[in-house]
Amino acid sequence: GLRSLPGCVKFHLLKSDFIFNQTNVASVTPWSAPIIWEGTFDPILIDSIYKQQNLTIATTVFALGKYTRFVKDFLESAEQHYFMGENRSLTVRKVQSFKRWQDISMSRMEQLEKLIENELASEADYIFCLDIDTKFYGPWGVETLGRLVGVIHPWLFDAPRNRFTYERRPESQAYIPADEGDYYYAGAAFGGSLEDVHHLTKTCREKLHIDAANSIEAVWQEESHLNKYFLLNKPSKLLSPEYMWRDINESAAQIKVIRFSNVAKNYAEVRPNP
Ligand SMILES: CC(=O)N[C@H]1[C@@H](OP(=O)(O)OP(=O)(O)OC[C@H]2O[C@@H](n3ccc(=O)[nH]c3=O)[C@H](O)[C@@H]2O)O[C@H](CO)[C@H](O)[C@@H]1O
Ligand SMILES: [Mn+2]
């Protein structure tokens, strides 16, 4: 039997298949936040834990101009894969639009900040803010919930840090120096508690306004500011690129399941400006 020695740690080996499925990807950040990949969680167990909490999850998408064409597939695929089997309701509202797609994309931060303040903070427990030129192909469930959640960008998940497309001009509020940064996060999906996402959107809105006043626009608009925010405010959970993939027809060895993906689009045709 085991002798109990002073200062001796007993290891309990809890062996279960799903823990050992995924071997070639990091499933934890250097600040000890989980990175969610297929095989790092038991969907049935985690469902049963969250079921008892009776949570409400708000999800926002913007569809302005020709991007309304993406709404149908987004919603129909969400019905099938996004928090499967739960009650849903849909609210549509008019928002201000802009002439440049960059302004539409960036303005989401301020619109979200106000929407959370005025309504969602009292109505939901968690929120996800997603791009509309997207579609669900696999399960997205309670394993994604956390205080502050970022998604690793599908183009840069296996790239070295020096290739990350952070804003590199010190004049911008989104500036990240060459030797800093943890991951490159997608602008197309982020989430968390209403309080944390409110702080995120408020901070990004403030920084976007300062940049605008200084006549500088970050290289990837609000995505650059989101990356700066996540550098200074570490996400409590990261989602792997399974949760924001490039295109359904592309593959990578690390991606066992595509859950949510960009839809291929003709940029010149769908956007109001280059
Ligand atoms: C995969 C990913 O991380 N995508 C990001 C990337 O390019 P994307 O090419 O994904 O940007 P995009 O053209 O999808 O625009 C972002 C979003 O703005 C909305 N929209 C845009 C234009 C328009 O005419 N009507 C409209 O409704 C719509 O919700 C769209 O999903 O960089 C953008 C900022 O540079 C955003 O951070 C996107 O989230
Ligand atoms: Mn997009």
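Just follow the structure's listing: the first ligand is 1, and inside any ligand the first atom is 1.
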**Student:** When the ring planes of Trp31 and Tyr183 are compared, do they come out parallel, tilted or perpendicular, using 30° and 60° as the limits?
**Tutor:**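 Trp31 vs Tyr183 ring planes: perpendicular.
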**Student:** Taking the six-membered ring for Trp, are His81 and Phe260 ring centroids under 6.0 Å apart?
**Tutor:**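 Between Phe260 and His81, which both carry aromatic rings, the centre distance is not below 6.0 Å.
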**Student:** May I ask you to list the protein N, O or S atoms found at less than 2.8 Å from the Mn ion (ligand 2)?
**Tutor:**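 Less than 2.8 Å away from the Mn ion (ligand 2) sit Asp131 OD2, Asp133 OD1, Asp133 OD2.
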**Student:** Output every pair passing side-chain hydrogen bond (donor to acceptor under 3.5 Å, both in side chains) with a member in residues 46-58, not counting sequence neighbours, ordered by first then second residue.
**Tutor:**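 Passing the test, one end in residues 46-58: Lys51-Glu86.
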**Student:** Tell me whether the rings of Tyr166 and Tyr184 are parallel (<30°), tilted (30 to 60°) or perpendicular (>60°).
**Tutor:**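 Answer is tilted, since the angle falls between 30° and 60°.
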**Student:** Sort and list the pairs that fulfil salt bridge (Lys or Arg N to Asp or Glu O under 4.0 Å) and have at least one residue in residues 177-186, not counting sequence neighbours.
**Tutor:**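 Sorted result for residues 177-186: Asp182-Lys234.
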**Student:** Would you say the ring centroid of Phe74 lies under 6.0 angstrom from that of Phe136?
**Tutor:**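 Yes; Phe136 has its ring centre under 6.0 Å from that of Phe74.
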**Student:** Report all protein residues having a heavy-atom distance below 4.0 Å to some atom of ligand 1; order the list by chain, then number.
**Tutor:**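 For ligand 1, the contacting residues are Phe62, Ala63, Leu64, Tyr67, Trp101, Ile104, Ser105, Arg108, Asp131, Ile132, Asp133, His153, Ala186, Gly187, Ala188, Trp220, Gln221, Glu222, Glu223, Asn262, Lys265, Tyr267, Arg271, Pro272.
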**Student:** Say whether Ser261 and Tyr137, considering side chains only, have a donor N or O and an acceptor N or O under 3.5 Å apart.
**Tutor:**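 Checked: Ser261/Tyr137 side chains show no N/O donor-acceptor pair below 3.5 Å.
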**Student:** Please confirm whether Trp101 and Tyr267 have ring centers closer than 6.0 angstrom.
**Tutor:**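 No: the rings miss the under 6.0 Å criterion.
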**Student:** Examine the side chains of Asn227 and His153 and answer whether a donor and an acceptor come within less than 3.5 Å of each other.
**Tutor:**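 No, because no side-chain N or O of Asn227 sits under 3.5 Å from a partner of the opposite role on His153.
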